[in-house]
Student: 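Submitted below is the structure of interest, expressed as structure tokens.
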There are 2 protein chains.
Amino acid sequence: MPTIKDVARRAGVSLGTASRVLSGGGNTSPKARSQVQAAAAELNYIANGPARSLRSTRTNVLGLLVSDIRNPFFSEIAHAAEREAMRLGYTVLLANANEDETQADEYLRIFASQRIDGLLLAPQGPASPQLESMLKSGLPVVLLNRLVEGLDAPSFATDNSQGVGLVLDWLQTRGHRDVAFVGGPNSISTGAERMAAYRAGRESHGINTDDAFIDAGDFLADGAERAMMRILERGKRPTAVFGANGPTTLGALRALRWVLGASEASRVEVVSFDDLEWFEFVSPAISAVRHDAAAIGTAGVTGLLELIAGQPVASQRISTTFIDRSV
Amino acid sequence: MPTIKDVARRAGVSLGTASRVLSGGGNTSPKARSQVQAAAAELNYIANGPARSLRSTRTNVLGLLVSDIRNPFFSEIAHAAEREAMRLGYTVLLANANEDETQADEYLRIFASQRIDGLLLAPQGPASPQLESMLKSGLPVVLLNRLVEGLDAPSFATDNSQGVGLVLDWLQTRGHRDVAFVGGPNSISTGAERMAAYRAGRESHGINTDDAFIDAGDFLADGAERAMMRILERGKRPTAVFGANGPTTLGALRALRWVLGASEASRVEVVSFDDLEWFEFVSPAISAVRHDAAAIGTAGVTGLLELIAGQPVASQRISTTFIDRSV
DNA sequence: CTGTTAGCGCCTTCAA
DNA sequence: TTGAAGGCGCTAACAG
């Protein structure tokens with residue numbers, strides 16, 4: 001691998017000039033520029049990132065920690081974040097917390113060791129000591145989609161109560177009274193917010209306020225399936241089911257079919273927070289709140305870069321739309 | 001951020017001793033060890049990765065280039081690869097080629113600049129010059145799921161002809177003669193292999209060999225939808241449709257419903273290469289070949305690390321299973 | 001505008 | 001077993 005020294009020698013300039021042409025914005029003559037660039041191209045020179053980082057204390061790498069990349073919502077965020085970062089000259093290091101705080105912490109240490117310039121966090125639960133210490137050390141951090149109690153960082157998140165409001169309106173229009181709600185963990189802000197908004201809005205939308213219609217899982221399909229089972233085991237027979245995120249809706253659907261059978265289950269209308277590409281194929285088709293994962297990822301990156309640049313950054317709530325697939 | 005110097009001073013030892021304790025396996029006294037470790041813990045010392053990499057010419061970072069992380073198959077691979085890499089002390093830098101060779105090349109340059117220790121490649125098309133040059137420079141590379149012509153690297157891929165064989169058997173058992181096949185691009189090995197295996201097996205499985213029943217998209221939903229449209233526009237009315245990967249099946253389904261209407265479409269049986277979590281909810285339920293993305297990711301990482309260690313690595317074909325959801 | 005020089009933090013010889 | 005010293009490739013400060 002050629003070094004910048006090789007480039008300089010071949011271009012017939014000093015090391016400093018080569019460096020200025022190749023990265024520093026310092027003033028250089030057109031002649032030096034073209035010579036250096038030609039030499040670099042001929043040698044197929046690619047700068048040594050670690051050396052550059054060591055010297056400049058900047059890596060141009062952002063860390064992105066999500067709870068599960070297999071969740072389409074997060075893979076969409078990751079995709080968008082990565083595109084935007086790349087456009088702005090940054091690379092994204094992706095990590096899966098895997099619903100596991102220990103693993104999340106381990107990744108945070110790796111991020112710290114790699115000396116990332118900033119952190120995009122779509123966290124699972126509360127702030128860990130590791131995270132606290134990184135924040136305290138001055139690392140710029142931005143929260144995606146979820147808030148963390150006592151963590152003072154700008155956030156870019158879906159407007160959950162607005163989204164739940166759309167669902168409530170729809171339920172009312174469709175004339176549903178006995179609605180089952182399958183939520184997510186209370187320890188995750190999205191879980192808590194969606195649950196709270198739903199409970200608060202039931203009465204005004206003519207929905208049965210019997211809490212036996214409500215249960216919560218872990219925002220994964222299996223946990224949601226069990227939660228839906230519990231509701232059904234209580235003898236409740238809802239005319240509609242509301243799943244609080246994509247995997248939750250999937251799990252609820254499985255439980256419905258398992259317990260009631262396919263034909264009986266198809267008499268229950270399902271509505272979801274998170275729109276999945278296959279909802280149109282289920283019968284009856286599933287209506288859903290669509291929130292813009294790509295917008296969250298993109299806004300998160302631009303926000304983080306502003307933070308890195310030392311500018312003040314305001315949190316943002318991103319509002320949702322409703323995809324009505326009834327009739 | 002504390003440096004190793006701070007740790008050494010606090011532990012009352014020299015810089016060299018601290019380094020040996022913290023990373024080098026060199027001989028150290030128990031006393032020195034405990035002192036250094038205590039000091040490191042107290043200071044919350046985290047080694048500077050770039051500095052370490054600069055010195056040791058190893059980064060413990062692997063690059064993973066996929067065509068689209070939003071495709072569940074690739075997100076599963078990424079997830080598994082990352083887990084396995086982490087278990088073995090490596091970090092994964094993820095990049096989306098986005099079906100775009102230019103972007104893929106740009107990421108390859110970034111990888112090179114970051115001085116990754118090895119590359120996991122789930123490529124789009126043929127080998128680019130950038131890729132060739134990285135290979136020539138001695139970077140260990142492993143291919144995931146797809147082969148690349150003229151690229152001499154071990155591969156970990158689904159056994160496509162075996163998988164297609166399972167589908168053919170199933171089609172025969174179900175008594176289908178007029179089967180539509182929606183394939184992928186010929187430029188991608190998986191597209192070419194699945195198409196070839198299907199064509200070769202039609203006759204022996206009692207399937208109509210009229211090529212008007214065959215068309216190909218780009219392995220994405222939109223392209224597949226158009227391909228399916230073309231087949232229908234030719235006046236062909238299949239009793240079954242075979243989609244050559246997950247997004248392709250999704251697109252074919254959309255076209256079927258769009259052209260024939262939901263009730264007519266539900267008289268067509270659909271079968272897919274790639275099993276998606278929602279296939280059970282469609283009616284009739286979609287049967288599918290399931291290939292083990294996680295196994296590919298895991299095997300790819302262990303293979304790559306062997307390659308890095310200088311050991312010989314053999315390519316692997318991973319065989320598939322069939323999920324029969326008929327009746 | 002350019003060349004020279006001094007480290008960034010770490011690992012790894014080389015002596016002791 | 002330990003301390004001292006050199007240098008990985010690069011950028012930035014300083015003279016010219």
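Values below: every heavy atom of this structure, side chains too, minus hydrogens, waters and symmetry copies. In the text below, chain A, chain B and the rest are named by the order of the sequence lines, each starting its count at 1.
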Student: What is the distance, to the nearest angstrom, from the NZ atom on B:Lys5 to the P atom on C:dC11?
Tutor: 14 Å
Student: Base, sugar-phosphate, or nothing: which does A:Asn48 touch, judged by heavy atoms less than 4.0 Å apart?
Tutor: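 Result for A:Asn48 = sugar-phosphate.
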Student: Mind listing the closest non-hydrogen atom pair of B:Thr190 and B:Asn145 along with its distance?
Tutor: CG2-O, 3.2 Å
Student: Base, sugar-phosphate, or nothing for A:Ser19, non-hydrogen atoms under 4.0 angstrom?
Tutor: base
Student: Nearest nucleotide by nearest heavy atom, which residue falls closer to the 5' end of DNA chain C, B:Arg20 or B:Pro50?
Tutor: B:Pro50
Student: Heavy atoms only, 4.0 Å cut-off, all strands: where does B:Ser23 land among base, sugar-phosphate and nothing?
Tutor: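 Here B:Ser23 touches the backbone only, sparing every base.
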Student: Is the distance from OP1 or OP2 of D:dG3 to the nearest side-chain N or O of B:Ser14 less than 4.0 Å?
Tutor: yes
Student: Check B:Glu76 with B:Arg83, please: is the shortest side-chain N to carboxylate O separation under 4.0 Å?
Tutor: no
Student: So, is B:Tyr45 near the phosphate of C:dG9, with a side-chain N or O under 4.0 Å from OP1 or OP2?
Tutor: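 For B:Tyr45, the contact criterion (side-chain N or O under 4.0 Å from OP1 or OP2 of C:dG9) is not met.
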Student: Side-chain contact, heavy-atom cut-off 4.5 Å: B:Ile46 with A:Arg115?
Tutor: yes
Student: Counting side-chain heavy atoms from CB outward, which of C:dC1, D:dG9, D:dC8 is closest to B:Arg55?
Tutor: D:dC8
Student: Quickly work out the B:Arg52 CZ to C:dC11 C1' distance and round it to whole Å.
Tutor: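 Those two atoms, CZ and C1', are 9 Å apart.
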Student: Please tell me which of B:Asn27 and A:Ser56 maps to the more 5' nucleotide of DNA chain D, matching each residue to the nucleotide holding its nearest heavy atom.
Tutor: B:Asn27
Student: Do the side-chain N or O atoms of A:Ser29 get closer than 4.0 angstrom to the phosphate oxygens (OP1, OP2) of C:dT2?
Tutor: yes
Student: Using atom CG of B:Leu15 as one end and atom C1' of D:dG6 as the other, report the distance to the nearest whole Å.
Tutor: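 It is 12 Å, rounded to the nearest whole Å.
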Student: With a 4.5 Å heavy-atom cut-off, do B:Arg55 and A:Pro50 have their side chains touching?
Tutor: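 They are not in contact (no side-chain heavy atoms under 4.5 Å apart), so the answer is no.
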Student: Measuring from the side chain of B:Ala51 (C-beta onward, heavy atoms only), which nucleotide among C:dT2, D:dC10, C:dC10 has the closest atom?
Tutor: C:dC10
Student: Please check if the side chain of A:Thr298 supplies one atom and the backbone of A:Ala295 the other of a donor-acceptor pair under 3.5 Å.
Tutor: no
Student: Using a heavy-atom cut-off of under 4.0 Å over every strand shown, decide if B:Leu22 touches base, sugar-phosphate, or nothing.
Tutor: nothing
Student: Rounded to the nearest Å, what distance is computed from the CE atom of residue B:Met1 to the P atom of nucleotide C:dC8?
Tutor: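 The distance from CE of B:Met1 to P of C:dC8 comes to 17 Å, rounded to the nearest Å.
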Student: Just how far, in rounded Å, is C1' of C:dT2 from CZ of A:Arg9?
Tutor: 18 Å
Student: Using a heavy-atom cut-off of 4.0 Å across all strands, would you classify B:Leu54 as base, sugar-phosphate, or nothing?
Tutor: base
Student: Whole-Å distance between C:dC10 P and B:Asn60 CG?
Tutor: 16 Å
